[in-house]
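Read the structure below first, then the notes.
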Amino acid sequence: MASATRTFARALRTSARPAINAAPRAAFRQSARFYSAKPTGGSSSNGLLYGLAGAGLLGGGAYYLYSNDSSVAPKLFVPKFEDYQKVYNEIANRLEEKEDYDDGSYGPVLVRLAWHASGTYDKETGTGGSNGATMRFSPESDHGANAGLKAARDFLEPVKAKFPWITYSDLWILAGVCAIQEMMGPTVPYRAGRQDRDVAACTPDGRLPDAAQAQDHLRNIFYRMGFNDQEIVALCGAHALGRCHSDRSGYSGPWTFSPTVLTNDYYKLLLEEKWQWKKWNGPKQYEDKKTQTLMMLPADMAIIQDKKFKEWVKVYAADNDKFFQDFSAVVKKLFELGVPFKEGTETWTFKPVNA
Ligand code: HEM
């Protein structure tokens, strides 16, 4: 989109932000390395094809590789940390290449895809969540809340084609992790092992939050997933990224001035700016009084209208490191909702590529 915005975002990515964030980020990475599994062994395809038929039967991320030569017996391929890092690198490089989109990055829409894949979880019934990638199918792909996410799914198709052994559900979440890290966000630990499910596992419409509603609704929706008030506010900080599109949600505009760099600006702006109703023909949303270029949804405004939520907004507005630590933890929890990981599944942290 606007090249000036892109240049500004890139300048932020490459100069000002690293200067501000470098030390805490490095320290955070250092401590996060505690979780990191050492890459073990190598995997080579040796001209073998990935046999996806085996994936479901074997479960837990093991795959048969079939040769073009029928006299060669199928080989068992168990992807390791370094194989997932290769997928991460591919996504990161595509993010850098495909900058002619929105504010200069597919990053925000990848985060939204991973969140909408996960946020369907219902802790009572154990249904929904990031295990399944059922948004590939109608009716879930057609749910109003998912409008526009085809852009993110299509962005990832060439990655899936290059690494066919990865499930869509692991890929979408890995892309969310990658996008957060590559947009200067914190390290987000990751576990692999999600299995794709078929259309029968699609969740009913209405499980994701409605932007027109306020705190009671937010609590209903996020408590259903198993989150508390602090976690709800930490998750909302993702709205530092990206924008609303009138042809998707009906709302319009970005929340912050740097929508491709993760910061705690969302909280600062909520507290420091004066917000007024935007006068337009679209759905009710707020605009900042000063520049009238930023927006807040009624659901965003609810987190400063509610006393308990507001306490956490203040904490995160005052301390970017605290926000990054809590955001990393709560996003990991979100991205793992409903996933029956095998016992002993390793937690990995990926090395950023361009951040
Ligand atoms: C609190 C309840 C939430 C509501 C009501 C809400 C609503 C929305 C709406 C209406 C949009 C605009 C979609 C468009 O027009 O393209 C949006 C975008 C976005 N949301 Fe949320 N959201 C919520 C929570 C979250 C959470 C928990 C995350 C991630 C952890 C998240 C991440 C994003 C991102 C990154 C975008 C920008 C997408 C883009 O630029 O294409 N949101 N959200």
Side-chain angles (χ1 to χ4, degrees), residues 1 5 9 95 101-121 130 143-155 172-173 175-177 179-180 182-183 185-186 188 206-225 227 229 231-256 258-263 266 270 282-286 295-306 309 312-313 323 326-337:
M1 236 181 82
T5 319
L95 281 174
Y101 171 81
D102 252 8
D103 300 300
S105 174
Y106 272 89
V109 80
L110 292 185
V111 175
R112 185 168 165 248
L113 174 67
W115 136 239
H116 281 211
S118 313
T120 53
Y121 185 63
S130 69
H143 290 168
N146 291 333
L149 290 178
K150 189 175 183 303
R153 296 193 300 271
D154 289 351
F155 174 91
W172 290 0
I173 298 304
V177 166
I180 289 168
E182 297 299 312
M183 290 189 290
V188 179
R207 288 208 177 173
L208 291 160
D210 174 357
Q213 296 201 48
Q215 50 268 46
D216 290 353
H217 171 75
L218 292 184
R219 287 198 170 92
N220 282 339
I221 294 280
F222 284 95
Y223 287 0
R224 188 209 66 224
M225 296 176 218
F227 293 110
D229 287 359
E231 291 172 319
I232 294 172
V233 176
L235 280 171
C236 287
H239 280 174
L241 300 169
R243 60 169 54 242
C244 293
H245 305 78
S246 46
D247 59 341
R248 296 180 181 177
S249 60
Y251 298 98
S252 178
W255 290 266
T256 65
S258 55
T260 61
V261 183
L262 186 63
T263 65
Y266 167 81
L270 264 175
K284 282 177 86 174
Q285 68 175 65
Y286 293 87
M295 69 92 60
M296 288 289 165
L297 301 163
D300 293 307
M301 210 49 97
I303 68 167
I304 54 166
Q305 286 160 352
D306 182 274
F309 282 153
W312 287 107
V313 174
F323 166 53
D326 287 0
F327 185 73
S328 170
V330 76
V331 164
K332 178 176 187 288
K333 179 172 167 180
L334 172 73
F335 287 177
E336 296 195 343
L337 292 178

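Heavy atoms only: backbone and side chains are in, while hydrogens, waters and symmetry mates are out. Sequential numbering from 1 along the given sequence is applied to the chain's residues. We count ligands from 1, going down the list as the structure has it; atoms in each ligand are counted the same way.
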Subject >> Full working for side chain to side chain contact (heavy atoms under 4.5 Å, CB included) between R224 and R207 >> reply: CA-CA 9 Å; R224 188 209 66 224; R207 288 208 177 173; 3.6 Å; yes
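- Within the 4.0 Å heavy-atom criterion, neither part of F327 lies near ligand 1.
- For atom 21 (Fe) of ligand 1, protein N, O or S atoms closer than 2.8 Å were enumerated as H239 NE2, with waters left out.
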**OP:** Quick one: do S252 and H245 satisfy side chain to side chain contact (heavy atoms under 4.5 Å, CB included)? Show the steps, please.
**Re:** CA-CA 5 Å; S252 178; H245 305 78; over 6 Å; no
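- Looking at atom 35 (C) of ligand 1, its nearest protein heavy atom turns out to be P108 O, 3.3 Å.
- Which parts of ligand 1 touch V109 is read off a 4.0 Å heavy-atom cut-off, strictly below it: atoms 41 (O).
- Of the possible donor and acceptor atoms, one in the side chain of D210 sits under 3.5 Å from a partner among the backbone N and O of A212.
- Counting all heavy atoms, side chain and backbone alike, P298 lies closest to Y251 at CD-CE2, 4.4 Å.
- Side-chain polar atoms of H239 and D300 form a donor-acceptor pair below 3.5 angstrom.
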**OP:** Decide side chain to side chain contact (heavy atoms under 4.5 Å, CB included) for L208 and I221; before the verdict, give the C-alpha distance in whole Å, the side-chain angles of both, and the deciding distance to 0.1 Å.
**Re:** CA-CA 7 Å; L208 291 160; I221 294 280; over 6 Å; no
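- Closest to atom 7 (C) of ligand 1 among all protein heavy atoms lies L297 CD1, 3.7 Å.
- D102 has its side chain out of reach of P108: every pair of non-hydrogen atoms, C-beta onward, lies at least 4.5 Å apart.
- Remark: R219 qualifies as a cation-pi partner of F309 under the 6.0 Å distance and 45° angle criteria applied to the six-membered ring.
- Atom 41 (O) of ligand 1 has its closest protein heavy atom at H245 CE1, 3.3 Å.
- With hydrogens and angles left out, the side-chain atoms of Y223 and D229 include a donor and acceptor closer than 3.5 Å.
- Note that OG1 of T256 is 11.0 Å distant from OH of Y266, once rounded to the nearest 0.5 Å.
- With hydrogens left out, the protein atom closest to atom 10 (C) of ligand 1 is S249 CB, 3.7 Å, a heavy atom.
- For a threshold of 3.5 Å applied to N or O pairs, the pair formed by Y101 and ligand 1 contains no separation below that value.
- When each atom of ligand 1 is checked for a heavy atom of A299 under 4.0 Å away, the hits are 5 (C).
- Those atoms of ligand 1 with a heavy atom of L218 less than 4.0 angstrom away are 1 (C), 2 (C).
- Taking the ring centroids of W115 and Y121, they lie at or beyond the 6.0 Å cut-off.
- Neither the backbone nor the side chain of V331 has a heavy atom within less than 4.0 Å of ligand 1.
- Taking CD of E336 as the reference point, atom OG of S118 lies at 9.5 Å (rounded to 0.5 Å).
- The protein atom (non-hydrogen) at minimum distance from atom 12 (C) of ligand 1 is C244 SG, 3.4 Å.
- Shortest contact from atom 17 (C) of ligand 1 to any protein heavy atom: W255 CH2, 3.6 Å.
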Subject >> Intermediate values then yes/no, ring pair (Phe, Tyr, Trp, His ring centres under 6.0 Å), F327 and W312 >> reply: CA-CA 12 Å; F327 185 73; W312 287 107; over 10 Å; no
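- Looking only at heavy atoms of the protein, atom 39 (C) of ligand 1 is closest to R243 O, 3.6 Å.
- Residue L235 holds the heavy atom nearest to atom 27 (C) of ligand 1 of all those in L110, L235, V330.
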